[in-house]
Visitor: 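Below is the structure I would like to discuss, written out as C-alpha cells.
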Amino acid sequence: MKTWYLPIGFLVLGLLVSYYLGFTPVLVGVIYFFCSIVSYCLYAKDKWAAKNGHWRVQENTLHISALVCGWPGAIIAQQGLRHKTQKASFRVVFVITLLLNLSLLGWLHTADASQKLRHYINTADSWAVNQFGVNKGTTILLALTKFHRQGK
C-alpha cells in the first residue's frame, strides 16, 4: 500500500464529513485540490531542474506550497517522483507545515472560527454579486461557498 494513501484518504474523508456537518463549504476541498496540483507541479519542476542542472525551486517555496493546502500534492510528488524524501531537514520542516495546515483546518471546526468563516464568505459572496451581478461565474462561486447546513 502506498504511504500517501492514508493521510490523503483521511483528508478527503474529513473534508466530506466537515461539509456534510456544515463546518466548511465545498470551496475548502477545491482549494486543497488546486493547491495540491500547484504543489505537485513545483516538485516536478524542481526534480526536472535537479536532473538537468537548471535553476531549482527554492525549498521555502515548496514548504509554502505545502502550508497553503498543497501538502497532499507534495506527498504524492515526493513519493511518486522520489524527490525530497532523503533530506531529513526538509522532511522535518515539511511535517511541521503539514501539522500547521491541519491545525488551521481543525481550528475551522471551532464555534468561533466557523462563525468567522461564515461571515467572511457571506461578505465575499455579497461583494462578488454586487461587483459582477448574477452570472455563471458568481453562480458557481455561490455554489462552492454554500454550507451544507446552516448555523454551526
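Along the sequence shown, the residues carry numbers beginning at 1.
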Visitor: Would the number of heavy atoms belonging to other residues, nucleotides or ligands and lying under 6.0 Å from CD of Q86 be above 12?
Guide: no

Visitor: Test W127 against Y120 for ring-ring contact (aromatic ring centres under 6.0 Å, His included), laying out the working first.
Guide: CA-CA 10 Å; W127 179 85; Y120 291 130; over 10 Å; no

Visitor: Enumerate the side-chain hydrogen bond (donor to acceptor under 3.5 Å, both in side chains) contacts for residues 60-78, please, sequence neighbours excluded, ordered by first and then second residue.
Guide: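 side-chain hydrogen bond (donor to acceptor under 3.5 Å, both in side chains) check on residues 60-78 returns S39-S65, Y43-Q78, W71-N101, Q78-R91.
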
Visitor: If you group Ile, Leu, Val, Met, Phe, Trp and Tyr by side-chain heavy-atom gaps below 4.5 Å, do L144 and V28 land in one group?
Guide: no

Visitor: Hydrophobic clustering (ILVMFWY, side-chain heavy atoms < 4.5 Å, transitive) - are L105 and V38 grouped together?
Guide: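 V38 and L105: one cluster.
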
Visitor: Are any non-hydrogen side-chain atoms of I75 and L98 less than 4.5 angstrom apart?
Guide: yes

Visitor: Under the side-chain contact (heavy atoms from CB on, under 4.5 Å) rule, what do V134 and L142 come out as? Steps first, then yes or no, please.
Guide: CA-CA 10 Å; V134 177; L142 294 174; 5.8 Å; no

Visitor: Under 3.5 Å, side chain of N52 to main-chain N/O of H54, donor-acceptor pair present?
Guide: no

Visitor: CZ of F90: more than 12 outside heavy atoms within 6.0 angstrom?
Guide: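 Counting neighbours around CZ of F90, more than 12 heavy atoms of other residues, nucleotides or ligands fall under 6.0 Å, so yes.
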
Visitor: Any side-chain heavy atom of L100 within less than 4.5 Å of one from I96?
Guide: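 Side chain of L100 against side chain of I96, heavy atoms only: contact under 4.5 Å found.
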
Visitor: Determine, using the 4.5 Å side-chain heavy-atom cutoff (strictly less than), whether Y40 and V57 are members of one ILVMFWY cluster.
Guide: yes

Visitor: So L21 and H148, side-chain contact (heavy atoms from CB on, under 4.5 Å) or not? Walk me through it.
Guide: CA-CA 7 Å; L21 295 177; H148 183 256; over 6 Å; no

Visitor: At what distance, to the nearest 0.5 angstrom, does CG of N130 lie from OG1 of T138?
Guide: 10.5 Å

Visitor: Is there a path of hydrophobic side-chain contacts, each under 4.5 Å between heavy atoms, that joins L104 and I121?
Guide: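 Looking at the clustering, I121 is in the same group as L104.
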
Visitor: Using the rule that Ile, Leu, Val, Met, Phe, Trp and Tyr join whenever any side-chain heavy atoms are under 4.5 Å apart, tell me whether V26 and I37 fall into a single cluster.
Guide: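 Yes, because V26 and I37 connect within a single hydrophobic cluster, where side-chain heavy atoms sit under 4.5 Å apart.
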
Visitor: First locate atom CD1 of I64, then atom CD of Q58, and finally report the distance between them rounded to the nearest 0.5 Å.
Guide: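 So the gap between those two atoms works out to 9.0 Å.
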
Visitor: Hey, could you give me the CG/CZ distance between L15 and F10, rounded to the nearest 0.5 Å?
Guide: 13.5 Å

Visitor: With distance as the sole criterion, is a donor-acceptor pair present between the side chains of S114 and H109 under 3.5 Å?
Guide: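 No pair is found: no donor N or O on one side chain lies under 3.5 Å from an acceptor on the other.
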
Visitor: Output the distance between atom CD1 (I31) and atom OG (S36), rounded to the nearest 0.5 Å.
Guide: 11.5 Å

Visitor: So, H83 side chain and L81 main chain: donor-acceptor pair closer than 3.5 Å or not?
Guide: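 No, the answer is negative, given that no donor and acceptor are paired below the 3.5 Å cut-off.
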
Visitor: Say you draw a straight line from CH2 of W107 to CG of L102; how long is it, rounded to the nearest 0.5 Å?
Guide: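 With rounding to 0.5 Å, CH2 (W107) is 15.5 Å from CG (L102).
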
Visitor: Tell me the closest heavy-atom pair linking S18 and T24, and the distance in Å.
Guide: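 Shortest heavy-atom contact: OG-OG1, 2.7 Å.
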
Visitor: Test side-chain contact (heavy atoms from CB on, under 4.5 Å) on L11 and Y32 and set out the steps.
Guide: CA-CA 9 Å; L11 175 68; Y32 269 97; 3.7 Å; yes

Visitor: Does the pair L117 and F147 meet the rule for a side-chain contact (heavy atoms from CB on, under 4.5 Å), with working shown?
Guide: CA-CA 10 Å; L117 180 63; F147 287 82; 4.1 Å; yes

Visitor: Using 0.5 Å steps for rounding, measure from the NZ atom of K84 to the CG atom of D46.
Guide: 5.0 Å

Visitor: What are the two closest heavy atoms between A66 and F94, and how far apart are they?
Guide: CB-CE1, 3.7 Å

